[in-house]
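Below, all heavy atoms of this structure are taken into account, side chains as well, without hydrogens, waters or symmetry copies. Chain letters run A, B, ... following the sequence lines, proteins first, then strands; residues in each count from 1.
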Number of protein chains: 2
Amino acid sequence: MVAEDAANLFGVLSNTDRLCIIRVLVEAGPSGMSAGDIARKIGASPSRASFHLNALSEAGFLHRERQSRTLNYRIDFNRIGALITFLMEDCCKGSAELRNCCSMRLG
Amino acid sequence: MVAEDAANLFGVLSNTDRLCIIRVLVEAGPSGMSAGDIARKIGASPSRASFHLNALSEAGFLHRERQSRTLNYRIDFNRIGALITFLMEDCCKGSAELRNCCSMRLG
DNA sequence: CTTTCATTTCAATGATTCTTGAAATACCCT
DNA sequence: AGGGTATTTCAAGAATCATTGAAATGAAAG
């Protein structure tokens, strides 16, 4: 991944509403959740939730699928994985020191 | 780490100049690099480099130390590590699927 | 075919962030 | 002290981003 793309993805993550949406959709699992339910869950107006859902979808963090009347969103882990890989490998050159700074198990 | 802090840290990383500075300082290693050398290396004016160096320092990604006339900056991996941990553990609840999406070795 | 529900889009406004160049500060040397 | 180098700070303006509420779209159901 090129730095400009990474910067844009970080920009999408630099908002608490959007981080909150990601968390909610991780909890929701593979079945995902409708835009309305997400909006209620994060305490945002429909248009505000839609704005952030769109930013996340455009960036590739989410998949959107219409299910009759509702739009169902679900998480896609690939972009987050690519971003973590960028940070550790491209940006920090696989630094062992950085690995030690991550508190989860890293091989 | 609380979501608002993570959002702010992502905001700091959402800029190519700043990602570039991090890369340059990872390469520079523990001895770090002066503000002027960093500015030249990333092709930015002194004041622009200073603006971004300040953002990175305030966020805790960098350490600053005066060495006689020059200010020396060096990378601190702890914040990046904390951010990766937030993303994998807090935000994505340690998802095994996310781990599979990271191309480096994860235990 | 009109109504209703779910969601997005739009326009206006406010807030934040970035860039630039000039001025200020900090330090060193003679 | 005075002059030079390194860096930051500041003010102004441009650009980007977020919020709001109203209007538009899409899909189902009476």
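Each of A:Ser50 and A:Arg69 was assigned the nucleotide of DNA chain C with the nearest heavy atom; the assignment lying further toward the 5' end belongs to A:Arg69. Along DNA chain D, the nucleotide closest to B:Asn54 and the one closest to A:Arg66 are compared, and the more 5′ of them pairs with B:Asn54.
With rounding to whole Å, B:Asp17 atom CG is found 14 Å from C:dT20 atom C1'. Rounded to whole Å, the distance from CE on A:Met33 to P on C:dT7 is 12 Å. Distance A:Ile38 CD1 to C:dT8 C1': 14 Å, rounded to the nearest Å. Rounded to whole angstrom, the span from the CG atom of A:Leu53 across to the P atom of C:dT9 amounts to 11 Å. Summarising the geometry, the separation between CZ on B:Phe51 and C1' on C:dC18 is reported as 5 Å, rounded to the nearest angstrom. In this structure, the CZ atom of B:Phe10 is 19 Å from the C1' atom of D:dA18, given to the nearest Å. Atom C1' of nucleotide D:dA18 and atom CG of A:Leu13 are separated by 16 Å, given to the nearest angstrom. Distance, B:Glu58 CD to C:dT17 P: 12 Å, rounded to whole Å.
At least one side-chain nitrogen or oxygen of A:Asn15 sits closer than 4.0 Å to the OP1 or OP2 atom of D:dA18. For the pair B:Arg18 and C:dC18, the criterion of a side-chain N or O lying under 4.0 Å from OP1 or OP2 is met. Within the structure, every side-chain polar atom (N or O) of A:His52 is placed at least 4.0 Å from both OP1 and OP2 of D:dC17. The phosphate of C:dT7 has neither OP1 nor OP2 within less than 4.0 Å of any side-chain N or O from A:Arg64. Considering only side-chain N and O atoms, B:Arg48 lies under 4.0 angstrom from the phosphate OP1 or OP2 of C:dT20. At D:dA6, none of the side-chain N or O atoms of B:Tyr73 fall inside 4.0 Å of OP1 or OP2 (strictly under the cut-off).
Across B:Cys20 and B:Ile42, no two heavy atoms sit closer than the pair SG-CG2, 3.9 Å.
Residues B:Val24 and A:Phe10 are members of one and the same hydrophobic cluster, defined by side-chain heavy-atom contacts under 4.5 angstrom among Ile, Leu, Val, Met, Phe, Trp and Tyr. Hydrophobic clustering of Ile, Leu, Val, Met, Phe, Trp and Tyr side chains at less than 4.5 Å, counting indirect connections, unites B:Leu13 with A:Met1.
In the displayed structure, B:Glu27 atom CD is contacted under 6.0 Å by more than 12 heavy atoms of other residues, nucleotides or ligands.
Although no hydrogens or angles enter the test, the distance criterion places no donor-acceptor pair under 3.5 Å between the side chain of A:Arg40 and the main chain of A:Gly43.
Minimum atom distance to the side chain of B:Ser47 is reached by C:dT20, of the listed C:dT20, C:dT7, D:dT19.
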